[in-house]
Number of protein chains: 2
Amino acid sequence: MELSPTAYVILGMISREPRSGYEIKALVDNTTRFFWAASYGQIYPQLKRLSEAGLVAGSDAPRGERKRTVYAITAEGRRELEDWLRQPPQTVEMREEGLLKLFFAGVLPPEEAAETLRSMHAYRRDIAARLRSMEPDAEEKLAQDDPFPLIVLQGGIEFNEWFADWCERMEARLLDPARRERSS
Amino acid sequence: MELSPTAYVILGMISREPRSGYEIKALVDNTTRFFWAASYGQIYPQLKRLSEAGLVAGSDAPRGERKRTVYAITAEGRRELEDWLRQPPQTVEMREEGLLKLFFAGVLPPEEAAETLRSMHAYRRDIAARLRSMEPDAEEKLAQDDPFPLIVLQGGIEFNEWFADWCERMEARLLDPARRERSS
DNA sequence: CTCCAGATATATCTGAGCGATATATTCTCG
DNA sequence: CGAGAATATATCGCTCAGATATATCTGGAG
């Protein structure tokens with residue numbers, strides 16, 4: 001049976017401790033969403049499929065009358081996850097509306113084009129700040145002998161700061177009067 | 001009528017000169033695909049919609065017996081494009097299977113985890129090289145008074161080189177014996 | 001003390017996107 | 001000269017996103 005990458009995200013999210021579908025989605029939204037999102041429309045059907053395939057085992061854990069299922073990875077599921085982790089990555093996909101607008105910005109006057117750079121700059125600074133606020137959680141995982149969430153998080157911080165800096169440099173370059181003379 | 005971002009990609013691709021559906025797709029694959037892909041499944045239906053909405057005008061331009069339609073942007077289409085370019089960007093989405101695997105790599109021994117970093121490193125170096133080979137084309141556009149394709153291209157080169165460098169630094173950090181001692 | 005909005009929790013459905021596939025014609029290279 | 005790749009248009013089936021639906025609990029405000 002062929003698993004989608006999001007099936008592996010689910011296996012990865014419960015590799016250290018069992019979790020419910022709702023908890024998995026919340027965890028994805030707080031961690032991997034920056035480089036791999038997953039929706040409710042995927043998580044619940046995939047949990048079902050993984051359960052039927054014996055890769056996870058669900059158990060009822062109601063709170064009061066609220067229905068709740070907690071899923072644990074099985075030995076077979078762990079093997080499947082490890083095999084997948086060993087394969088070279090295959091999917092890289094980016095959608096950046098800011099870069100798209102910048103690409104076509106020659107249609108506008110330079111002052112207006114610079115506005116796109118300012119929007120991207122603000123957005124990336126905001127993301128970097130949000131990622132920084134997650135550092136304590138990732139440092140906790142490091143203490144639990146798992147360095148990778150922190151490595152990836154710090155990479156995300158560095159990337160967003162690079163991107164914001166790049167936007168600043170490109171805005172300066174764009175509005176540089178000397179360069180404007182030459183491109184007029 | 002609400003247009004999808006890919007409709008604007010099409011408008012942008014013909015803002016400087018008229019093009020066929022096939023040419024638009026080829027151009028997207030060579031330029032914006034790194035930060036905004038578009039498929040045949042989108043381009044032809046969108047061209048139809050844009051034509052019906054009066055934002056583009058198609059004209060027959062067969063080569064021999066091969067059917068071919070060339071689309072030009074209309075004045076109304078240009079206004080629509082300019083309005084869209086002035087709005088702050090809204091969509092940012094990333095899917096990076098390498099970062100996803102790195103995030104969960106604690107499930108593997110460090111030597112195997114480093115393999116993911118090496119794969120990403122090789123991939124980003126390759127992308128940077130491919131983007132470099134496009135610089136002449138983008139410099140031609142600069143000569144035509146449009147600096148933005150080159151700005152975005154050079155940003156893409158810088159980003160991929162940063163990413164490759166980051167992979168190198170993280171691999172060194174991961175395999176550093178002193179750090180391994182401390183995390184054991 | 002009561003009520004409500006947000007949180008928790010599961011689940012699905014619809015619209016949009018992707019890319020494989022289909023069909024047709026032309027051109028280049030071995 | 002022929003075959004494969006390129007050019008050219010078009011669609012279909014599968015997958016994904018997230019809005020929506022339904023249900024229960026909790027904390028804070030009035």
Side-chain angles (χ1 to χ4, degrees), chain A residues 1-10 13-14 18-30 32-52 56 58-71 90-97 100, chain B residues 1-10 13-14 18-30 32-52 56 58-71 90-97 100:
Chain A
M1 185 189 65
E2 181 122 353
L3 297 178
S4 65
T6 302
Y8 292 107
V9 172
I10 293 171
M13 288 305 177
I14 60 176
R19 289 187 158 107
S20 67
Y22 184 87
E23 284 173 339
I24 290 167
K25 164 70 166 155
L27 201 51
V28 165
D29 284 352
N30 283 331
T32 65
R33 195 237 349 244
F34 297 93
F35 46 91
W36 200 280
S39 67
Y40 282 119
Q42 273 189 298
I43 290 177
Y44 285 101
Q46 287 289 347
L47 276 173
K48 192 172 198 142
R49 291 186 72 224
L50 289 166
S51 194
E52 285 161 1
V56 307
S59 53
D60 286 332
R63 278 174 177 163
E65 285 184 45
R66 178 174 288 161
K67 211 167 86 172
R68 185 164 177 271
T69 310
V70 163
Y71 296 87
Q90 310 207 359
T91 301
V92 173
E93 179 76 29
M94 190 184 208
R95 285 196 179 276
E96 235 287 353
E97 193 179 327
L100 186 64
Chain B
M1 183 189 63
E2 181 120 356
L3 297 178
S4 66
T6 301
Y8 293 107
V9 172
I10 292 170
M13 288 304 176
I14 59 175
R19 290 190 159 106
S20 68
Y22 184 87
E23 283 173 340
I24 291 168
K25 165 67 165 155
L27 201 50
V28 166
D29 284 353
N30 284 331
T32 65
R33 196 242 343 248
F34 296 93
F35 47 90
W36 200 281
S39 66
Y40 282 120
Q42 271 188 301
I43 290 177
Y44 286 102
Q46 287 290 349
L47 277 171
K48 191 171 200 146
R49 293 186 70 223
L50 289 166
S51 194
E52 283 160 0
V56 307
S59 54
D60 287 333
R63 278 173 177 161
E65 285 185 45
R66 178 176 289 163
K67 211 166 84 178
R68 185 165 178 269
T69 310
V70 164
Y71 297 87
Q90 309 209 359
T91 301
V92 174
E93 179 77 29
M94 190 185 209
R95 282 194 182 275
E96 236 285 356
E97 194 179 325
L100 186 63

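Letters go in sequence order (proteins before strands), and every chain restarts at 1. All of these numbers come straight from a predicted model, not from anything done at the bench.
- Distance from the side chain of Tyr40(B) is smallest for dA20(C) among the nucleotides dT10(C), dA20(C), dT7(D).
- When heavy atoms are screened at a 4.0 angstrom cut-off, Thr6(A) is found touching no nucleic acid atom at all.
- Nearest nucleotide to the side chain of Ser39(B), out of dC16(D), dT10(C), dG19(C): dG19(C).
- In terms of the side chain to side chain donor-acceptor pair (under 3.5 Å) criterion, Ser51(A) has no residue partners (sequence neighbours excluded).
- Minimum atom distance to the side chain of Glu65(A) is reached by dC25(D), of the listed dC25(D), dA8(D), dT8(C).
- Both Val70(B) and Ala37(A) lie near DNA chain D, and the one whose nearest nucleotide falls closer to the 5' end is Val70(B).
- Side-chain contact between Glu23(A) and Ile14(A) is absent, with no heavy atoms from C-beta onward closer than 4.5 Å.
- Dashed line: the shortest gap from a side-chain N or O of Arg63(B) to OP1 or OP2 of dT7(D) is not under 4.0 Å.
- Interatomic distance, OG1 of Thr32(B) versus CZ of Arg95(A), reported as 9.0 Å (0.5 Å rounding).
- Relative to the side chain of Arg95(A), the nucleotides dG17(C), dA20(C), dA9(C) differ in distance, and dG17(C) lies closest.
- Of the two residues contacting DNA chain C, namely Gln42(B) and Arg68(A), the nearest-nucleotide position lying further toward the 5' end is that of Arg68(A).
- Closest to the side chain of Ser20(B), out of dT12(C), dT8(C), dT9(D), is dT9(D).
- Using a 4.0 Å cut-off, some side-chain N or O of Tyr44(A) falls inside it from OP1 or OP2 of dT10(C).
- Residue-level contact check: Gly41(B) touches the bases, meaning some heavy atom is under 4.0 Å from a base atom.
- Nearest nucleotide to the Lys67(A) side chain, out of dA8(D), dT10(C), dC25(D): dT10(C).
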